[in-house]
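What follows is a single structure, written as structure tokens, with notes after it.
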Amino acid sequence: MTNITLPDGKTIRFEKPVTGSQVAEKISKSLAKQALIMSVNGELKDLYHIIKEDSSVKIITAKDPEGLEVIRHDAAHIMAMAVQELYPGTQVTIGPVIENGFYYDFARKEPFTSEDLNKIEKRMSEIVDKDVKTKREVWEREKAINHFKKIGEKYKAEIIEGIPKNEELSIYHHGETWHDLCRGPHLESSGKIGKAFKLTKVSGAYWRGDSKNEMLQRIYGTGWANQKDLDTYLKRIEEAEKRDHRKLGKEMNLFHFREESPGSVFWHEKGWSLFQKLVDYMRDRQKKAGYKEINTPEILDRSLWEKSGHWDKFGEHMYTSTTPDEKVFAIKPMNCPGCVQVFNQGLKSYRDLPLKMSEFGKVHRYEPSGALHGLMRVRAFTQDDAHIFCTEEQITEESLSVTNLILDIYKDLGFKNVILKYSDRPEIRVGDDKVWDKSEAALLKAVKATKLEYTINKGEGAFYGPKIEFVLRDAIGRDWQCGTLQVDLNLPERLGATFVDKDGSKKVPVMLHRALFGSLERFIGILIENYAGKLPFWISPLQIVVIPVSDEFDKYASEVVGKLRNVGLNCEVDLKNHNLNYKIREHSLSKVPVLLICGKKEVDSDSVTIRELDNKKQENMKLKDFIKKYSALNQASLN
RNA sequence: GCCCUUGUAGCUCAGCUGGUAGAGCAAUUGAUUUGUAAUCAAUAGGUCCGCGGUUCGAGUCCGUGCGGGGGCACCA
């Protein structure tokens with residue numbers, strides 16, 4: 001007698017032990033058809049697993065996240081099977097499920113080409129059609145190791161050797177010819193995978209993820225429950241490609257990169273205008289929040305970096321320069337040591353704290369060539385940096401005020417969806433554990449006070465203190481880590497920063513590092529992708545183009561531009577010998593938010609006709625009203 | 001840094017197995033004077049990423065360097 005309790009609380013009674021398939025069959029024919037795997041007392045099992053005792057069982061279909069995962073996992077297996085059929089001698093390693101799909105890492109001398117991918121995909125399809133049965137076996141450890149060694153799968157053998165001795169080793173057979181070591185569960189047969197998968201790319205990947213090991217070939221695939229989901233996913237990828245800031249940056253004439261300085265931006269007039277607009281805005285916000293802006297040298301003597309600890313901990317990422325007199329300088333990769341030097345000038349009292357010093361510091365970091373990626377990962381960038389010198393007691397309050405400022409600024413720029421990542425002490429760290437206790441608690445208190453969603457990343461703090469990272473979600477659901485707030489229990493002491501406390505004794509202040517955008521360059525990349533290039537009016541580098549209907553109205557159009565420039569709007573007049581349609585198309589494609597059309601009607605009535613981007617409706621307005629309305633829109637606070 | 005891939009006009013790209021470069025758009029000039037997403041025509045435009053090699057001959061094949069792209073590793 002086996003009692004099976006279903007998720008809705010109902011119990012089905014079976015005379016004998018049963019399989020998941022039998023349970024599903026009992027519930028309904030359609031469920032039996034859709035069933036992929038099952039969960040028995042919370043453990044995922046194959047459908048053909050025999051349940052011997054009373055259990056609560058949930059039949060899992062493609063609608064459940066676990067179901068989709070199994071589809072992907074099986075697709076990975078079938079891919080490996082197809083690869084080994086097509087390319088004998090290829091060794092398999094690991095093949096997990098990942099977000100949106102799966103991959104499998106192979107060891108093979110010859111590289112896989114994109115044609116190979118097509119072939120493999122086709123073979124996978126054939127295997128699905130054949131609907132080969134899956135069979136699970138439990139093997140004895142030595143047998144498994146010897147077996148895989150014998151058939152030349154040294155990576156598999158190595159994996160098994162690393163599995164704890166008390167763990168059960170299951171081998172899954174797919175059809176008569178292919179098998180793999182796997183924890184499972186798996187689908188009953190290959191037909192259940194369906195055809196909603198696609199191999200997407202090949203790449204290199206280190207064995208066990210360690211760059212000291214040999215490089216394997218990884219084939220990525222995406223897999224879904226049905227064709228519709230696959231299509232939706234592929235569409236989303238396409239949409240992301242359309243928004244690529246590298247493409248848009250070129251099209252919109254914002255910036256370029258070139259061989260002479262990989263990873264450094266050549267800002268064009270329009271891109272720089274956007275950059276400056278953000279800086280102006282930040283300056284204004286920080287001033288109002290009580291920050292004092294400073295600026296420190298780009299090049300500083302080696303000795304300072306040795307004192308700060310950067311030379312040791314960050315040396316391989318630093319650009320250095322030796323002067324003709326053999327002195328070694330480093331180009332700053334961070335602003336903090338410079339800022340502490342400014343703090344150290346003059347005697348500071350507890351009355352000066354918290355002291356907030358901001359700096360738009362340009363830093364250089366020698367990033368590995370393979371890491372570079374448009375504006376998102378560069379070797380030279382500008383931080384909207386600030387350092388807050390305060391007492392331990394002030395950590396929570398200051399952190400909270402930084403957090404509020406960040407959230408408010410993100411909101412102004414159109415990002416309302418923000419989550420926090422809190423990281424506490426890492427294994428290797430400096431400072432007394434008691435101080436860590438205090439600063440972690442203080443920072444966590446601030447995190448909780450925001451009432452925002454947050455994750456705790458254990459042990460991922462900086463070696464000098466705990467930190468919060470601000471992750472914003474963009475218009476198409478991608479997460480970007482931007483701002484950061486770090487408590488520093490180390491640097492002020494190393495660089496001899498002190499203040500005179502109430503009792504007259506000298507104390508070392510706590511330092512908070514914070515950046516809101518993180519890197520201006522990167523943030524601009526995120527902005528471009530978030531808005532697909534259609535930036536909000538107030539930061540748009542070219543806000544308005546005035547178009548005369550014919551050259552008869554060139555003079556009026558030029559006058560309008562003059563007046564708009566006078567109130568600080570970025571605008572151009574288009575006097576080219578093209579017709580109106582052509583100009584509207586051209587400027588719309590280059591994403592100018594507002595076009596003003598001027599013809600006889602407008603000249604006669606001292607007005608302009610407004611056409612906003614992506615809005616075919618036109619509106620005629622007196623020029624002075626237009627100026628009033630749009631110069632107001634030019635302020636962030638009104639957006 | 002590592003694996004794969006890629007580099008042709010300002011831009012997007014074509015150029016089969018080696019035989020001295022081609023299109024569309026942009027630019028320039030001329031015509032047209034246009035009322036809401038491409039008016040017509042003509043002209044000009046190239047160290048085919050750099051260096052070396054094979055060859056009678058290299059954009060094309062080989063080697064190497066640099067850059068770009070996709071991943072891996074890295075992101076203090």
Side-chain angles (χ1 to χ4, degrees), chain A residues 98 103 105-114 116-117 200-220 241 244 246-247 250-251 253 256-263 308-318 333-334 336 363 365-374 376-379 381 426 428 460-464 467 469 481 484 486 490 513 518-519 522 547-554 576-590 595-602 609-620:
Chain A
I98 50 171
Y103 68 76
D105 284 351
F106 300 98
R108 175 182 181 237
K109 274 208 190 74
E110 299 73 30
F112 290 112
T113 63
S114 53
D116 291 336
L117 247 54
T200 50
K201 56 199 168 198
V202 214
S203 82
Y206 297 108
W207 166 235
R208 292 190 186 277
D210 189 334
S211 60
K212 287 195 237 24
N213 291 342
E214 60 272 37
M215 181 132 311
L216 307 170
Q217 294 189 68
R218 175 172 298 178
I219 302 180
Y220 283 94
E241 272 166 23
D244 192 314
R246 293 165 300 187
K247 184 171 160 273
K250 196 185 245 178
E251 279 173 21
N253 194 14
H256 83 276
F257 290 91
R258 53 192 305 108
E259 283 192 26
E260 291 92 333
S261 188
S308 72
H310 287 90
W311 194 264
D312 248 16
K313 290 230 155 39
F314 201 65
E316 59 186 40
H317 295 283
M318 283 162 73
M334 291 178 207
C336 17
V363 296
R365 299 178 185 182
Y366 189 75
E367 301 285 357
S369 58
L372 302 179
H373 182 92
M376 302 303 189
R377 188 86 181 265
V378 286
R379 284 181 175 157
F381 60 98
I428 301 165
E460 300 214 353
F463 71 91
Y464 47 75
K467 64 180 179 184
E469 273 150 350
Q481 189 175 304
T484 162
Q486 309 179 356
N490 176 46
H513 304 247
S519 139
R522 184 174 140 88
I547 306 174
V549 171
S550 78
D551 56 13
E552 202 183 322
F553 312 108
D554 282 3
K576 279 195 231 100
N577 186 10
H578 277 132
N579 63 33
L580 183 58
N581 281 341
Y582 182 92
K583 290 182 184 179
I584 286 173
R585 177 181 155 80
E586 192 188 28
H587 297 300
S588 298
L589 286 175
S590 72
L595 302 181
L596 292 183
I597 314 298
C598 299
K600 187 163 187 328
K601 195 170 80 188
E602 288 76 16
T609 296
I610 306 163
R611 184 200 162 106
E612 289 191 322
L613 187 57
D614 288 337
N615 182 5
K616 287 198 166 133
K617 251 204 204 146
Q618 303 147 38
E619 187 189 357
N620 187 267

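Side chains included, hydrogens not; waters and symmetry mates left out as well; all remaining heavy atoms used.
The side-chain tip of A/K212 does not point at the ring of A/Y206 from less than 6.0 angstrom away and within 45° of straight on. Both cation-pi conditions hold for A/R379 and A/Y366: the charged atom is under 6.0 angstrom from the six-membered ring centre and inside a 45 degree cone around its axis. In this structure, A/R108 satisfies the cation-pi test against A/F112, with its NZ or CZ atom closer than 6.0 Å to the six-membered ring centre and inside 45 degrees of the ring normal.
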Base versus backbone protein contacts along nucleotides 28-33 of chain B [heavy-atom cut-off under 4.0 Å; B, S, -]: ---BBB

Per-nucleotide protein contact string for nucleotides 64-69 of chain B, where B marks a base within reach and S marks sugar-phosphate only (heavy atoms under 4.0 Å, - for neither): --SS-S

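Atom CZ in A/F106 sits roughly 15 Å away from atom C1' in B/rC4 (whole-Å rounding). In this entry the distance linking OH of A/Y582 with P of B/rA27 reads 5 Å, nearest Å. Regarding A/E460, its CD atom lies at a distance of 14 Å from the C1' atom of B/rC74, rounded to whole Å. At whole-Å resolution of the value, CZ in A/R108 and P in B/rC3 are 17 Å apart. Atom NZ of A/K601 is separated from atom P of B/rU34 by 16 Å (rounded to the nearest Å). The distance between atom CG of A/N579 and atom P of B/rA37, rounded to the nearest whole Å, is 10 Å. Residue A/K617 contributes atom NZ, which lies 16 Å from atom P of B/rA37 at whole-angstrom precision. Between the CE atom of A/M215 and the C1' atom of B/rU5 there is a distance of 14 Å, given to the nearest Å.
Remark: the A/R208 side chain and the B/rA73 base include no donor-acceptor N/O pair separated by less than 3.5 Å. If you check distances only, the side chain of A/E602 does reach the base of B/rG35 with a donor-acceptor pair under 3.5 Å.
In this structure, A/K600 and A/R377 both approach RNA chain B, and ranking their closest nucleotides by distance from the 5' end singles out A/K600. Of the two residues near RNA chain B, A/F314 and A/A205, the one whose nearest nucleotide lies more 5' is A/A205.
Distance from the side chain of A/D614 is smallest to B/rA37 among B/rC75, B/rC2, B/rA37. Closest to the A/N581 side chain, of the nucleotides B/rG35, B/rC72, B/rA37, is B/rA37.
Between B/rG63 and B/rA23, the two C1' atoms lie 33 Å apart (nearest whole Å). As rounded to the nearest Å, B/rG57 and B/rG45 have P atoms that lie 29 Å from one another. B/rG70 and B/rA27 are spaced 34 Å apart, taking the C1' atom of each and rounding to whole Å. Atom P of B/rG10 sits at a distance of 23 Å from the matching atom of B/rU6, rounded to the whole Å. The separation of B/rU8 from B/rA14, taken at their C1' atoms, amounts to 10 Å, rounded to a whole angstrom. Rounded to whole Å, the C1' atom of B/rA73 lies 11 Å from the corresponding atom of B/rC3. On the C1' atoms, B/rA44 is 14 Å away from B/rG30, given to the nearest whole Å.
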Taking only N/O atoms, report every protein-nucleotides 42-48 of chain B pair under 3.5 Å with atom names and distance.
none

Give me, pair by pair, the N or O atoms of the protein and of nucleotides 10-12 of chain B that are less than 3.5 Å apart, along with how far apart they are.
from	atom 1	to	atom 2	distance (Å)
B/rU12	OP1	A/K250	NZ	3.0

Stepwise side chain to side chain donor-acceptor pair (under 3.5 Å) test for A/Q486 and A/T484: CA-CA 6 Å; A/Q486 309 179 356; A/T484 162; 3.2 Å; yes

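Taking a pair to require two hydrogen-bonding distances under 3.5 Å in either a Watson-Crick or a G-U wobble arrangement, B/rA27 pairs with B/rU43.
Residue contacts for A/K201: at a heavy-atom cut-off of 4.0 Å it reaches the sugar-phosphate backbone alone, with no base atom in range. Using a 4.0 Å heavy-atom cutoff across all strands shown, A/S114 reaches no nucleic acid atom at all. Among the heavy atoms of the strands lying under 4.0 Å from A/R218 are primed sugar atoms or P, OP1, OP2 only; no base atom is included. Note on A/L589: a base of the nucleic acid sits closer than 4.0 angstrom, heavy atoms only.
The two residues A/V549 and A/G599 make their nearest non-hydrogen contact at CG2-CA, 3.7 Å.
Checked against ring pair (Phe, Tyr, Trp, His ring centres under 6.0 Å), A/H587 has no partners two or more places apart in sequence or in another chain. Under the salt bridge (Lys or Arg N to Asp or Glu O under 4.0 Å) criterion, A/R585 pairs with no residue, sequence neighbours left out.
A distance of 9.5 Å separates CE in A/M376 from OG in A/S519, rounded to the nearest 0.5 Å.
Residue A/Y220 has a polar side-chain atom (N or O) positioned under 4.0 Å from OP1 or OP2 of B/rC72. Put simply, A/K616 has no side-chain N or O that comes within less than 4.0 Å of OP1 or OP2 on B/rU36.
Using a 4.0 Å cut-off between charged nitrogen and carboxylate oxygen, A/E602 and A/K600 do not count as a salt-bridge pair.
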